Protein chains: 2
Amino acid sequence: MDILFKTFLDHFSTNQKLSEKTIAEICNHLSVLNLDKKHILIKENQRHDFAYFVVKGAVRSYYLKDGVEVNTWFALENDMVGSLHNFKDNPSRETIELIENSTLISINLKQVKPLMFSNIQIANFINAIIEDYALFLEDKFYFTQMMSSIDKYLILLDKEPQLFQRIPLTYIASFLGISRETLSRLRAK
Amino acid sequence: MDILFKTFLDHFSTNQKLSEKTIAEICNHLSVLNLDKKHILIKENQRHDFAYFVVKGAVRSYYLKDGVEVNTWFALENDMVGSLHNFKDNPSRETIELIENSTLISINLKQVKPLMFSNIQIANFINAIIEDYALFLEDKFYFTQMMSSIDKYLILLDKEPQLFQRIPLTYIASFLGISRETLSRLRAK
DNA sequence: GAAATCATTTGACAAATGTCACAAAATCAT
DNA sequence: ATGATTTTGTGACATTTGTCAAATGATTTC
């Protein structure tokens with residue numbers, strides 16, 4: 001087994017110990033990828049069979065609104081990247097693009113998903129990923145909906161300081177739902 | 001089995017057929033409740049062992065921000081109500097309150113959750129609920145983050161017209177993240 | 001059914017944010 | 001290194017939205 005797979009498996013199996021057999025079953029459908037900045041992992045409106053786990057690097061997801069890119073999130077080390085719509089066999093709503101040269105683990109959803117119905121450990125493993133994603137979305141919603149711009153900025157700066165080192169402010173402003181000029185002015189304090 | 005349980009079970013088992021044994025195992029932990037308007041199902045910052053399925057009625061969830069209620073969503077017939085934080089054994093972030101006299105099915109999470117690790121159908125049943133919730137949250141996020149106030153109003157009116165019949169505009173404005181005066185003005189067109 | 005409470009609408013004004021234009025700074029590619 | 005491109009910052013002004021106050025309309029309660 002590739003040593004990088006272990007990080008991924010451990011990250012989402014905190015509730016249960018996976019058997020050797022389960023580990024082998026999952027690893028059959030994983031690969032390690034090294035890809036360059038600007039590579040597009042998933043395209044808006046397309047079906048796609050893979051999800052990804054970021055071993056090293058930075059990724060953003062965005063979609064187009066009236067021709068303008070609207071960023072929806074950034075993934076760094078140990079984050080999952082993918083589209084739940086893809087998981088449910090629907091076209092992705094977002095485009096997912098590398099911001100840095102990155103090392104990723106790809107997960108073949110088409111092959112792994114059916115195993116949920118035959119291997120209970122895999123069912124719970126996938127469950128943990130989706131639960132995690134749902135909690136993340138809840139946070140993102142509260143954060144987005146319920147804060148003033150300045151609070152959003154300060155909280156993001158506090159919780160995800162690495163983003164400000166590695167992600168252009170234009171993208172961050174777009175994620176925060178404010179213009180880059182407004183973000184620039186908030187920072188001038 | 002109570003006939004109302006069937007609606008609930010069918011709603012989240014579209015991917016698989018549940019065995020008689022599984023159905024019995026789940027139903028052991030369900031009850032039907034009839035509760036009055038203003039009844040509080042779940043309190044902010046408290047741990048709580050139940051989730052609910054709305055058979056008939058209307059429910060809202062909200063939390064307090066600087067002493068002001070901020071509404072986060074409304075559930076009507078066939079919606080699930082609960083807190084993923086409770087499912088993960090953490091205190092709820094929201095208060096959940098009935099807006100109408102309602103009929104609910106309660107699900108005892110403390111009893112059902114462990115079954116995920118022994119019954120694969122239950123694992124996938126719960127998975128379907130959480131997937132569904134995550135897709136709902138994704139929608140809510142796009143909707144909230146990426147639209148102008150007027151678009152949000154128009155889309156909500158289009159997608160959930162029943163809300164405007166049954167939920168006070170004050171609550172809807174708060175959910176949309178705008179003041180009730182602004183909502184009132186948007187509607188005046 | 002009258003009184004009390006709650007929900008909605010409207011006006012006037014202030015504050016926050018967006019937009020457009022351009023300049024400065026940083027980064028990239030050759 | 002240097003020129004080109006991308007990213008960030010700042011000013012002036014328009015637009016949107018929030019806030020406060022008051023009036024009207026609807027619903028609940030006794």
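Convention: sequence-line order gives letters A, B, ...; per-chain numbering from 1. Every value quoted in this text rests on a predicted model; they were computed, and no experiment measured them.
In summary, the side chains of His85(A) and Glu94(A) do not present any donor paired with an acceptor at a separation below 3.5 Å, with no hydrogens or angles considered. For Tyr133(A) and Glu131(B), the side-chain atoms include no donor-acceptor pair closer than 3.5 Å.
The distance between atom CD1 of Ile172(B) and atom P of dA7(C), rounded to the nearest whole Å, is 12 Å. For the pair Ile99(A) CD1 and dT27(C) P, the interatomic distance rounds to 15 Å; values are reported in whole Å. Rounded to whole angstrom, the span from the CD atom of Gln165(B) across to the C1' atom of dT8(C) amounts to 16 Å. Taking atom CD on Glu100(A) and atom P on dT27(C), their separation rounds to 13 Å, with Å as the unit. The nearest whole Å value for the distance from the NZ atom in Lys152(B) to the C1' atom in dT16(D) is 13 Å. The CZ-P distance, from Phe164(B) to dT8(C), rounds to 11 Å in whole Å.
Across all strands shown, dT30(C) pairs with dA1(D); the Watson-Crick or G-U wobble distances both stay below 3.5 Å.
The pair Lys37(B)-Glu97(B) fails the salt-bridge criterion, with no side-chain N (NZ, NE, NH1 or NH2) lying under 4.0 Å from an Asp/Glu carboxylate O. Taking 4.0 Å as the cut-off between side-chain N and carboxylate O, Lys56(B) and Glu77(B) count as a salt-bridged pair.
Nearest-nucleotide mapping onto DNA chain D: of Leu186(B) and Lys38(B), the residue sitting toward the 5' end is Leu186(B).
Contact annotation for Ser148(A): no contact, since no heavy-atom pair falls under 4.0 Å across all strands.
Here the rule is salt bridge (Lys or Arg N to Asp or Glu O under 4.0 Å) with Glu100(A), and of Lys38(A), Arg60(A), Arg166(A) only Arg166(A) fits it.
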Identify each atom pair where a protein N or O and an N or O of nucleotides 7-11 of chain D are less than 3.5 Å apart, giving names and distance.
unit_1  : atom_1 : unit_2    : atom_2 : d
dT8(D)  : OP1    : Leu169(A) : N      : 3.0
dT8(D)  : OP2    : Leu169(A) : N      : 2.9
dT8(D)  : OP2    : Thr170(A) : N      : 3.0
dT8(D)  : OP2    : Thr170(A) : OG1    : 3.0
dG9(D)  : OP2    : Ser184(A) : OG     : 3.3
dG9(D)  : O5'    : Ser184(A) : OG     : 3.4
dG11(D) : N7     : Arg185(A) : NH2    : 2.6
dG11(D) : O6     : Arg185(A) : NH2    : 2.9

Going by atom type alone, with no hydrogens or angles, which donor-acceptor pairs under 3.5 Å involve a side-chain atom of residues 2-12 of chain B and a protein atom two or more places apart or on another chain?
unit_1  : atom_1 : unit_2   : atom_2 : d
Asp2(B) : OD1    : Leu4(B)  : N      : 2.8
Lys6(B) : NZ     : Asp10(B) : OD2    : 3.0
Thr7(B) : OG1    : Leu4(B)  : O      : 3.3

